[in-house]
Amino acid sequence: MVMAAEGARRPVIIAGPCSVESREQTLATYRGLAACGCVNMIRGGVWKPRTYPSCFQGVGEVGLEWLAEAKAETGLPFGVEVANSRHVEAALGAGADMVWIGARTTGNPFSVQEVADALRGTEVLVLVKNAQMPDTGLWTGAVERMLAAGVGPERLVLVHRGFAQTSGNEYRNPPVWHVALEMRRRFPELKMLCDPSHICGRREGLAATAQKAADLSYDGLFMESHVRPDEALSDAAQQVTPEQLGELLAGIRWRRETVDVPQFEADMERLRLEIDQIDAQLFALLSRRMGIAEDIGRIKRENDVIILQRRRWDEIVDNMVARAGELGLSPEFIRTILDAIHMESIARQNVVMNP
Ligand SMILES: O=C(O)C(=O)C[C@]1(C(=O)O)C=C[C@@H](O)C=C1
């Protein structure tokens, strides 16, 4: 089990190869993960939803036999990705303990419904990954379809694997954390795992992403591990050996939710009071600012002038961003806040000008 300080949370760790490739690779990876003693369950893809037909499509049902053999040897349960009822039947027939619905499948309500129907009356663990779009809609819909099919909250788990993007970024699939946190708010009874492998797309950053998830109260991790990562037939760049995974996991701190220490509680209360007061001032100021935006809207309406004043807005942004250093705030944060203010100001003027 993962090292944990006293009182720390106990994470669920599911790890395994992106793709099950051969009997030897499956057994070797499984044995490595069992030996590292840090995983609760093995994952392995046998049907791969790849963008291009020329890519490795997975070994299919024979892979289930290898996973079942490795499970019998090590005692570690396993799960596979499923995208249709045939996959569910084959996986359960082979003794899978878990199935997961991948990002591409979550994005297709027909497929999700088919999988949900096939899972009716079963008892396996069901993991639902977020869809590729950075939005809670399809993810929520998939959860609702599972719940309606009788997959209860005690065996339904969310997996946050990041969201697709079109342009370059430090992440393969940027986490857009607030979407996952919103799912957490909507379904507080469901466990949520983070998949740093798909978020990062490369080994660098895996530990930092896993640590961030731990500090955002995720219940565990869903990660890729391959006995020879560089030779992997899919997602080679983001896989680590079982030993590397063990080291990575040992370095993560699963801090407790809170603690019963009087000094801590007193300090927190004092600081939170300050935050409450500052928030009250911030919002009183924002309210005044929006009132002025409405005054501007009235004048513009009388003079037939449009809402958006690009040059003026650029000036506001440039001035504040130039003060980022002195304020101790990042330019990105300043832009995000100003963007929200601008959008609200525009909305308020729109109501005044176009009632
Ligand atoms: O200065 C204006 O003309 C405004 O409408 C106000 C304001 C703002 O909220 O600061 C809003 C919209 C414009 O694009 C520029 C600035």
Side-chain angles (χ1 to χ4, degrees), residues 103 107 130-141 160-188 199 205 208-209 212-213 215-217 268-355:
N130 63 265
Q132 289 175 298
M133 261 201 302
D135 170 56
T136 50
L138 289 162
W139 205 0
T140 298
H160 173 211
R161 48 81 79 199
F163 300 90
Q165 63 177 344
T166 46
S167 53
N169 187 290
E170 63 174 306
Y171 297 109
R172 176 180 178 198
N173 294 290
V176 200
W177 295 99
H178 67 89
V179 174
L181 296 188
E182 170 59 15
M183 286 299 281
R184 204 77 163 125
R185 197 191 61 75
R186 281 191 196 183
F187 299 104
I199 288 176
T209 301
K212 184 160 180 183
D215 285 327
L216 291 178
S217 104
M268 287 297 284
E269 197 178 312
R270 177 176 49 79
L271 294 168
R272 284 178 173 168
L273 190 68
E274 259 187 77
I275 282 194
D276 287 345
Q277 288 165 350
I278 291 172
D279 283 350
Q281 291 171 20
L282 270 177
F283 281 93
L285 283 173
L286 282 171
S287 170
R288 268 179 59 198
R289 194 190 193 287
M290 292 308 156
I292 295 173
E294 285 182 351
D295 290 344
I296 288 183
R298 283 182 203 103
I299 304 175
K300 284 184 177 168
R301 186 180 176 190
E302 279 162 25
N303 292 277
D304 230 11
V305 171
I306 61 166
I307 300 177
L308 182 67
Q309 299 290 322
R310 217 183 317 253
R311 204 160 334 125
R312 164 69 179 151
W313 187 254
D314 287 349
E315 244 174 57
I316 292 180
V317 175
D318 291 348
N319 282 340
M320 289 313 295
V321 166
R323 295 184 52 201
E326 134 204 2
L327 290 168
L329 298 171
S330 74
E332 298 75 42
F333 178 64
I334 291 176
R335 283 182 208 282
T336 304
I337 297 291
L338 282 177
D339 206 31
I341 290 174
H342 194 206
M343 287 300 122
E344 180 65 10
S345 173
I346 287 171
R348 296 283 284 257
Q349 290 186 53
N350 191 41
V351 171
V352 171
M353 293 170 67
N354 306 302

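When a ligand or atom number is given, it counts from 1 through the structure's own listing order.
For the ligand labelled ligand 1, residue R310 lies outside the 4.0 Å heavy-atom shell.
Under the 4.0 Å criterion applied to side-chain N and carboxylate O atoms, D295 and R298 are assigned as salt-bridge partners. Remark: E182 engages R186 in a salt bridge, criterion side-chain N to carboxylate O under 4.0 Å. The pair R323-E326 meets the salt-bridge criterion, since a charged nitrogen lies less than 4.0 angstrom from a carboxylate oxygen.
Residue-level proximity to ligand 1 for I296 is carried by the side chain, the only part with a heavy atom below 4.0 angstrom. Counting heavy atoms under 4.0 Å from ligand 1, residue S345 touches it through the side chain alone. With a 4.0 Å cut-off on non-hydrogen atoms, Q309 touches ligand 1 through its backbone as well as its side chain. When non-hydrogen atoms are compared, ligand 1 lies under 4.0 Å from the side chain of I316 (C-beta onward) but not from its backbone.
Counting heavy atoms from C-beta outward, I307 and N350 have side chains that approach closer than 4.5 Å.
The protein non-hydrogen atom at the shortest distance from atom 16 (C) of ligand 1 is W313 CE3, 3.8 Å. The protein non-hydrogen atom at the shortest distance from atom 6 (C) of ligand 1 is Q349 NE2, 3.8 Å. With respect to atom 3 (O) of ligand 1, the closest heavy atom belonging to the protein is K300 NZ, 2.9 Å.
R348 approaches G291 most closely through the heavy-atom pair NH2-N, 4.5 Å. Annotation for T209 and Y171: closest pair OG1-CE2, 4.1 Å, computed over non-hydrogen atoms. Minimum heavy-atom separation, F163 to V179: CZ-CG1, 3.6 Å.
Counting only non-hydrogen atoms, the option in R312, E344, H342 that gets closest to atom 14 (O) of ligand 1 is H342.
Around the CZ atom of R272, the shell of radius 6.0 Å holds no more than 12 heavy atoms that belong to other residues, nucleotides or ligands.
At least one N/O-N/O distance between R289 and ligand 1 falls below 3.5 Å.
Of all the atoms in ligand 1, the ones that sit under 4.0 Å from a non-hydrogen atom of L308 are 14 (O).
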